[in-house]
Asks: 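Quick one: the structure is below, and I'll ask about it shortly.
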There are 4 protein chains.
Amino acid sequence: MVVAMQSRTTAGRAGRPRSAAADAAILAATRAALVELGWSRLTLGDVATRAGVAKTTLYRRWAGKNELVVDAVAELFDELRLPDRGTLAADIEGVVLQFAAILARPEARNGLMAVLAESTRDEALRERIRASIVDRQKRLVLAGRARAQQRGELPPETDPAEAARTVDLIFDVVAGAVVHRELISAEPVDEEWVRSFTRLLLVGLSG
Amino acid sequence: MVVAMQSRTTAGRAGRPRSAAADAAILAATRAALVELGWSRLTLGDVATRAGVAKTTLYRRWAGKNELVVDAVAELFDELRLPDRGTLAADIEGVVLQFAAILARPEARNGLMAVLAESTRDEALRERIRASIVDRQKRLVLAGRARAQQRGELPPETDPAEAARTVDLIFDVVAGAVVHRELISAEPVDEEWVRSFTRLLLVGLSG
Amino acid sequence: MVVAMQSRTTAGRAGRPRSAAADAAILAATRAALVELGWSRLTLGDVATRAGVAKTTLYRRWAGKNELVVDAVAELFDELRLPDRGTLAADIEGVVLQFAAILARPEARNGLMAVLAESTRDEALRERIRASIVDRQKRLVLAGRARAQQRGELPPETDPAEAARTVDLIFDVVAGAVVHRELISAEPVDEEWVRSFTRLLLVGLSG
Amino acid sequence: MVVAMQSRTTAGRAGRPRSAAADAAILAATRAALVELGWSRLTLGDVATRAGVAKTTLYRRWAGKNELVVDAVAELFDELRLPDRGTLAADIEGVVLQFAAILARPEARNGLMAVLAESTRDEALRERIRASIVDRQKRLVLAGRARAQQRGELPPETDPAEAARTVDLIFDVVAGAVVHRELISAEPVDEEWVRSFTRLLLVGLSG
DNA sequence: GTCTAACCGAGACGGTACGTCTCGTCTTGCA
DNA sequence: TGCAAGACGAGACGTACCGTCTCGGTTAGAC
């Protein structure tokens, strides 16, 4: 994703013909640096160089390393889709496998875990992460439940507050278990494990 | 505690022996610095100063910041005990609440998350974390199951391989969910949540 | 003065130019530190602090302590002037006394002797010293001879190679004797000694 | 050789006596390290290792690097002998060439220049150098004059004070010129140069 | 033939300075 | 006027030696 030096020809004037391209180049360079170096070795000067951009330009747009990495990682998780595989269990298995696949990419695991770690001391950063990454994916839980209700696999909810609590619980259990399995236990999130986990989850929820 | 760099057991004869007090002072200083500064602002020079120790002494015993923080944090999790509250559900609730209480301490959350983030690029570090922190706590799952079997709440396992897989699954689900709830969702792990979660887990396992 | 690391003449276009004031401040701070601390206790960090400059700025311009001290000391010897006292003997006495006066300054003696000592193992450093300090002062011998020839005190040279060898011999004898007297024997280079030495030199050369 | 720290005469009664072999090994190791590393890179720990001795042993006998190097170098100059070549001029040429030969050895030039440089800030060190190295060689000037007087080349001195001043002057001129030629100008002290220099000296002294 | 004091090696200790690296800011000159 | 280039003050990095201080283990002379 090399950008740098061509937009000059088309744009006649001074101003900011590069500005739009620079954003994409910087985020791509950030992900590339995460892959090669990890978070702690990643430097903003290096990202600027990779992006063909001056450090000044980078600091004009992001307050620091954390904010930059959050934006660079957030784009990755928007790829998640809820497949229609016919049953709730199959839908869950599909989305869990997708999630695991993204977490298997070094730019995702390095970047995500690092900013989560930083966020334990930085409330604003935690909010940014929740807004940009975490809460945005609760759409998948909601969509899955709606589809299961249409299929008649789940009854319509009666108590909205209880339903919201259940969404949160599911989200913590699913995301937490996959992250723990993959990043901490460092065991594969393969089809067998996903089947066991999904059975536990669905049986547990039916109780 | 996990021994710092190499054992040098009692056999290391010649020369002045390493100060045992220094180890404890350094680990305590590390935890204090984690509370005040977090992981990324923590510097080894500062830790050494707090511990009343020379920087060289610190580097003689730990290879770097990550290894030091792992040892400093590992001690915290050894406080976990499996209470005997009469039923399996109550036992689980008790240990989950203890786990959440440790994770609520800044030195634990900052330190643990940071080294987990670093470990995504450092296989040796991940092994160190597993050996010092994670796997060491599987003892709680094993003890809980044994006690429940004594009480007759759970049947004795028949297939050992299947039993081991179940232990791992439980561990990923429990630790993952609590960590996600507390550190990522930033919602309280209170008695109500713990009750909901424990019900989900036990019902799920009974399926 | 000798340019620090590389010319970077005016052609070095892009980027913020190096501060000219910093160079002067650093060299002055170096001399001050030589006076207070001597060469072996002088640290580049301390020089940077005295100069109100970051250590990096200093390392950007000089490769190390030796090169810095050479430049700092070289400026001192450019103060030497050949006075016109009417006779060759008086001219020599005048310039020897000036030379001795400079060597009496701690920043000159400390700095000069130390870099000379270092230069015994570092050919590049020796060349730098010769170019910056030693050979540059041979101008005094040449000027003195020319003036004496104008006055008729010395005949015009006939063999240029022989004349060059004589310049070198004079230079080694004068500079060597003064340095040895002042820095090694630690005896004063006063008017009486200078008169004795000049007589020896001039009589010796007439032979 | 000069005794290391203080005499500890023979009166030091009880306890194990110091190893005499260690002294010799340390001084030899010091010279070897001077050859390989020069003064500034020479470390006492390395000298101790080379000598097969503990650092403690070394510090028990010398106060520091400077004192150690002075002793190590002093031994080298005691090799100087005044040859009897028949005439004063030939005697001087012989001893100057010997002196130049010693100064050509790296351990001598490195060590000597470095401690001289250090001595510009350390009066005690300068005295130690004068006592151990410099003044000890004035014996050569005295012996040369005595022999020349015996031969009738020089008249017996009449004024003892004047004679002493002349010895000092000669010593400064000879040692200074040779050191400057060899170590600063970095030109060879060969027979031709020595002849020119000796003529200058003897003619100058006859005036 | 023990004592016993001073020696010895090894190596850890609290320090200091090293030279490098990255930070985030601040000039410059070019277009 | 916006941007690349890059110098700037600041400060942590991990390493190398410093000179001191335990350690356990030899010596050799005095008793």
Side-chain angles (χ1 to χ4, degrees), chain A residues 4-5 8 11-19 22 40-46 48-49 51-60 63-65, chain B residues 8 12-19 21-22 40-49 51-65, chain C residues 8 10 12-19 22 40-46 48-49 51-65, chain D residues 8 12-19 22 40-49 52-65:
Chain A
M5 292 297 213
R8 183 63 29 127
R13 282 284 167 198
R16 325 173 23 180
R18 289 197 188 186
S19 175
S40 64
R41 289 179 151 80
L42 176 152
T43 71
L44 296 198
D46 179 56
T49 303
V53 142
K55 255 196 312 178
T56 332
T57 301
L58 207 153
Y59 278 106
R60 229 174 264 128
K65 190 161 149 174
Chain B
R8 235 188 79 72
R13 274 190 306 276
R16 177 173 173 176
R18 290 194 174 161
S19 158
S40 62
R41 291 178 147 79
L42 177 152
T43 70
L44 296 198
D46 178 56
V47 169
T49 302
V53 142
K55 227 179 1 159
T56 31
T57 297
L58 207 152
Y59 278 103
R60 234 173 255 126
R61 301 174 188 215
W62 286 275
K65 191 161 150 175
Chain C
R8 233 189 77 77
T10 53
R13 273 192 305 275
R16 178 173 171 177
R18 289 193 175 160
S19 158
S40 62
R41 291 179 148 80
L42 177 152
T43 70
L44 297 198
D46 179 56
T49 302
V53 142
K55 232 182 352 163
T56 28
T57 297
L58 208 153
Y59 278 105
R60 233 174 257 127
R61 302 174 189 216
W62 285 276
K65 191 161 149 172
Chain D
R8 227 190 79 76
R13 276 188 308 273
R16 176 176 173 178
R18 289 192 176 159
S19 158
S40 63
R41 290 177 150 81
L42 177 152
T43 70
L44 296 198
D46 179 57
V47 169
T49 303
V53 142
K55 251 195 319 177
T56 337
T57 299
L58 208 152
Y59 278 105
R60 230 174 260 127
R61 301 172 190 217
W62 285 276
K65 189 161 152 176

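Just so we're on the same page: letters track the sequence lines, and every chain starts at 1.
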Asks: Name all residues meeting the side-chain contact (heavy atoms from CB on, under 4.5 Å) criterion together with D/Ala22; count only those two or more places apart in sequence or in a different chain, and write none if there are none.
Replies: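 side-chain contact (heavy atoms from CB on, under 4.5 Å) check on D/Ala22 returns D/Ser19, D/Val53, D/Arg61.
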
Asks: Taking the nucleotide of DNA chain F with the closest heavy atom to each, which residue, C/Ala22 or B/Leu42, is nearer the 5' end?
Replies: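 Comparing both residues, the 5'-ward one is C/Ala22.
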
Asks: Atom CZ of C/Arg18 and atom C1' of F/dG6: how far apart are they, to the nearest Å?
Replies: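 Going from C/Arg18 (CZ) to F/dG6 (C1'), I get 10 Å.
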
Asks: Could I get the full list of side chain to side chain donor-acceptor pair (under 3.5 Å) partners for D/Thr57, not counting sequence neighbours?
Replies: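 For D/Thr57, no residue satisfies side chain to side chain donor-acceptor pair (under 3.5 Å) once neighbours in sequence are set aside.
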
Asks: Return the minimal non-hydrogen interatomic distance between C/Leu42 and C/Lys65, and the atom names on each side.
Replies: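 Reported closest heavy-atom pair: O-NZ, 2.9 Å.
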
Asks: What pair of heavy atoms forms the shortest contact from C/Leu44 to C/Leu58, and how long is it?
Replies: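 Closest approach of C/Leu44 to C/Leu58, heavy atoms only: O-CD1, 3.7 Å.
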
Asks: Can you tell me how far P of F/dA7 sits from CZ of C/Arg61, to the nearest Å?
Replies: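 Taking CZ of C/Arg61 and P of F/dA7, I get 9 Å after rounding.
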
Asks: Under the side-chain contact (heavy atoms from CB on, under 4.5 Å) rule, collect the residues that match up with B/Thr56, sequence neighbours excluded.
Replies: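 Scan of B/Thr56 (side-chain contact (heavy atoms from CB on, under 4.5 Å), adjacent residues dropped) gives B/Ala54, B/Arg60.
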
Asks: Here's a test of your reading of the structure: between D/Gly45 and C/Val53, which maps to the more 5' nucleotide of DNA chain F?
Replies: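 Checking each residue's closest nucleotide, the 5'-ward one belongs to C/Val53.
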
Asks: Could you tell me whether D/Gly52 contacts a base, only the sugar-phosphate backbone, or nothing, with contacts defined as non-hydrogen atoms closer than 4.0 Å?
Replies: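 The residue D/Gly52 makes sugar-phosphate contact but no base contact.
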
Asks: Between the protein and nucleotides 20-22 of chain F, which nitrogen or oxygen pairs come in under 3.5 angstrom?
Replies:
unit_1: F/dC21; atom_1: O2; unit_2: B/Arg16; atom_2: NH1; d: 3.3

Asks: Could you give the CG-to-C1' distance, from C/Asp46 to E/dA17, as a whole number of Å?
Replies: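 Spelled out: CG on C/Asp46 to C1' on E/dA17 is 11 Å.
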
Asks: Would you kindly give the CH2-to-P distance between C/Trp62 and E/dC18, to the nearest whole Å?
Replies: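 The answer, rounded to whole Å, is 15 Å.
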
Asks: Within the structure, does a side-chain N or O atom of B/Thr57 lie under 4.0 Å from either OP1 or OP2 of E/dG14?
Replies: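 The answer is yes; a side-chain N or O of B/Thr57 sits under 4.0 Å from OP1 or OP2.
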
Asks: Taking the side chain of D/Ala54 as heavy atoms from C-beta outward, which of F/dA5, E/dC23, E/dA10 is closest to it?
Replies: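 So the side chain of D/Ala54 is nearest to E/dA10.
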
Asks: Quickly work out the C/Leu44 CG to E/dG19 P distance and round it to whole Å.
Replies: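 Nearest whole value for this atom pair: 6 Å.
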
Asks: Separation of C/Arg41 atom CZ from E/dC18 atom C1', in whole Å?
Replies: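 One finds 17 Å between C1' of E/dC18 and CZ of C/Arg41, rounded.
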
Asks: Rounded to the Å, how far apart are D/Lys65 NZ and F/dC18 P?
Replies: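 Taking NZ of D/Lys65 and P of F/dC18, I get 6 Å after rounding.
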
Asks: Distance from A/Lys55 atom NZ to A/Thr49 atom OG1, nearest 0.5 Å?
Replies: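 Answer for the NZ-OG1 pair, A/Lys55 versus A/Thr49, is 9.0 Å.
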
